Amino acid sequence: MRTGRPKQALILTEEEQDRLQSLAHRARSQPLLARRARVVLACGEGLDNKTVARKVRVSLGMVGKWRSRFLQARLEGLYDEPRPGAPRQVSDAQVEQVVIQTLESTPRGETHWSTRGLAKATGLSRMTISRIWRAFGLQPHRTDTFKLSPDPLLIEKVRDIVGLYMNPPDHALVLCVDEKSQIQALDRTQPLLPLRPGQLERRTHDYKRHGTTSLFAALELKTSRVIAQLHHRHRSSEFRKFLDVIEAHVPAGLDVHIILDNYGTHKTAMIRKWFAKRPRFHLHFTPTYGSWINLVERWFAELTNKRIRRGVFRSVKDLEAAIREYLDVHNEDPRPFVWTKTADQILASIARYAQRTTAAQPS
């Protein structure tokens with residue numbers, strides 16, 4: 001039986017292992033390099049070329065090529081060699097200066113650089129500035145928002161709620177409860193121009209208001225079914241009525257874990273008395289400014305994107321009918337939302353963000 005030539009052992013150092021793991025996760029920014037790194041990592045496990053080819057889903061020749069290249073030049077062998085062409089006209093020093101100027105300065109009288117403005121200031125072309133920004137992931141024209149929770153019980157609340165999501169209790173129901181208040185019934189001032197080949201749907205930018213409604217909703221964690229009720233106001237009395245609806249839908253023998261935010265109507269004397277008389281209901285409050293952890297907010301986003309934002313409603317009655325129709329369609333074939341991040345991952349992300357925020361502040 002032929003066994004072929006024995007392959008030279010490919011042994012990775014700890015530093016090479018870490019570097020290859022980092023490269024292997026660049027599936028979007030550098031897909032070719034990521035594939036080569038995955039090939040070498042598989043070879044480092046002691047697998048033969050055929051097994052590596054099947055595991056990484058590449059050709060046998062590719063495995064042999066990059067195994068050989070790595071053995072000859074280690075990590076440097078994974079990178080493409082410089083290709084022939086015109087010499088660079090922009091030096092490393094100029095690239096560095098563009099990056100530093102983008103990050104550490106702003107144009108006079110403006111809040112951020114544009115490609116044309118920085119091109120004029122540096123003497124480079126607008127396309128050169130654009131390519132440098134793209135290479136370094138710089139987007140001065142964009143901004144984002146954030147809000148760190150000041151809740152002193154942030155860690156405990158995150159662990160409590162994520163624990164319910166990742167390991168829900170047996171013989172109990174987990175409900176994510178909140179209200180989407182002041183939903184506006186908006187009508188456009190002129191008729192819509194419908195979608196056509198080569199033409200987007202068009203609507204006027206202005207609108208007419210025809211009143212508002214408030215939606216109370218409880219999302220069941222395991223099934224994603226939604227219990228909902230519409231009211232014209234969102235006081236504690238309306239919330240109390242909605243709790244009665246929840247109680248009517250839940251079998252008497254089950255405990256109920258309710259995830260709520262810190263809205264004032266959830267903590268009035270009337271509501272506290274309601275829960276005190278029903279010991280099978282257990283409350284779990286989200287952190288301050290932490291409504292993102294309540295899964296029903298994800299369902300509200302779906303409702304807004306798919307039914308409300310582009311809808312045309314000539315009355316509150318039309319708006320409520322549209323919401324009820326969306327609710328019925330959702331409950332006919334609900335798909336559960338799956339929570340994937342652990343509490344440790346969330347808290348580590350918050351810690352990194354807090355450290356970056358602190359480091360960015362002037363001392």
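Since the model is a prediction, treat every value here as computed from it, not as a measurement.
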For [Y], is there any backbone N or O sitting under 3.5 Å from a side-chain donor or acceptor partner on [X]?
X: Tyr165; Y: Ile293; value: yes
X: Trp113; Y: Gln101; value: yes
X: Glu110; Y: Pro107; value: no
X: Thr213; Y: Glu320; value: no
X: Asp160; Y: Glu156; value: no
X: Ser68; Y: Gly64; value: no
X: Arg307; Y: Tyr326; value: no

Practice item. Check step by step if side-chain contact (heavy atoms from CB on, under 4.5 Å) holds for Leu319 and Thr212. Key: CA-CA 9 Å; Leu319 171 62; Thr212 63; over 6 Å; no

Under a 3.5 Å cutoff, is there a donor and acceptor pairing between the side chains of [X] and [Y]?
X: Thr304; Y: Lys180; answer: yes
X: His266; Y: Asp261; answer: yes
X: Glu247; Y: His249; answer: no
X: Arg240; Y: Ser236; answer: no

Consider only side-chain heavy atoms of I, L, V, M, F, W and Y, link residues closer than 4.5 Å, and tell whether [X] and [Y] are in one cluster.
X: Leu303; Y: Leu230; result: yes
X: Phe275; Y: Leu164; result: no
X: Leu219; Y: Val245; result: no
X: Tyr207; Y: Ile323; result: no
X: Leu221; Y: Ile259; result: yes

Measure the spacing between [atom1] of [X] and [atom2] of [Y] and express it to the nearest 0.5 Å.
X: Lys157; Y: His284; atom1: NZ; atom2: NE2; result: 12.5 Å
X: Cys176; Y: Glu220; atom1: SG; atom2: CD; result: 10.0 Å
X: Leu260; Y: Thr286; atom1: CG; atom2: OG1; result: 8.0 Å
X: Ser125; Y: Lys120; atom1: OG; atom2: NZ; result: 16.0 Å

Check your understanding: Is Arg272 positioned over the aromatic face of Trp274, cation under 6.0 angstrom from the ring centre and no more than 45 degrees off axis?
Key ->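 Verdict for Trp274: no cation-pi partner in Arg272.
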
Check your understanding: Would Lys267 count as a cation-pi partner of Phe285, with NZ or CZ less than 6.0 Å from the six-membered ring centre and within 45° of the ring normal?
Key ->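 The answer is yes; both the distance and angle limits are met.
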
**Study point:** Residues Asp187, Arg209: salt bridge by 4.0 Å N-O rule
**Key:**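 A salt bridge is absent here (no side-chain N lies under 4.0 Å from a carboxylate O).
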
Check your understanding: Do Lys55 and Glu45 sit within salt-bridge range, that is, some charged N less than 4.0 Å from a carboxylate O?
Key ->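 Salt bridge present between Lys55 and Glu45.
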
Practice item. Begin from the C-alpha positions of Arg310 and Arg203 and carry the test side-chain contact (heavy atoms from CB on, under 4.5 Å) through to its verdict. Key: CA-CA 9 Å; Arg310 289 174 58 176; Arg203 62 186 60 224; 3.6 Å; yes

Review point. Any side-chain heavy-atom pair from Ile346 and Trp292 closer than 4.5 angstrom?
Key: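 Contact flag for Ile346/Trp292 side chains = yes.
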
Point to revise | Any side-chain heavy-atom pair of Pro169 and His257 under 4.5 Å | key: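 Yes, side chains in contact.
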
Exercise for review: Report the relative orientation of the aromatic rings in Phe216 and Phe242; use parallel for angles under 30°, tilted for 30 to 60°, perpendicular for over 60°.
Suggested key: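 Plane angle between 30° and 60°, so tilted.
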
Review point. Do the rings of Tyr263 and His234 sit parallel, tilted or perpendicular, given the 30° and 60° boundaries?
Key: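 Aromatic pair Tyr263/His234 classed parallel.
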
**Study point:** Test of ring centre spacing under 6.0 Å for His112 and His141
**Key:**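 When the ring centroids of His112 and His141 are compared, they turn out to be at least 6.0 Å apart.
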
Practice item. Check the pair Asn294 / Ser291 against side chain to side chain donor-acceptor pair (under 3.5 Å), numbers first and verdict last. Key: CA-CA 5 Å; Asn294 195 337; Ser291 60; over 6 Å; no

Practice item. Starting from the C-alpha separation in whole Å, work towards a yes-or-no answer on side chain to side chain donor-acceptor pair (under 3.5 Å) for Trp133 and Thr115. Key: CA-CA 9 Å; Trp133 281 358; Thr115 53; over 6 Å; no

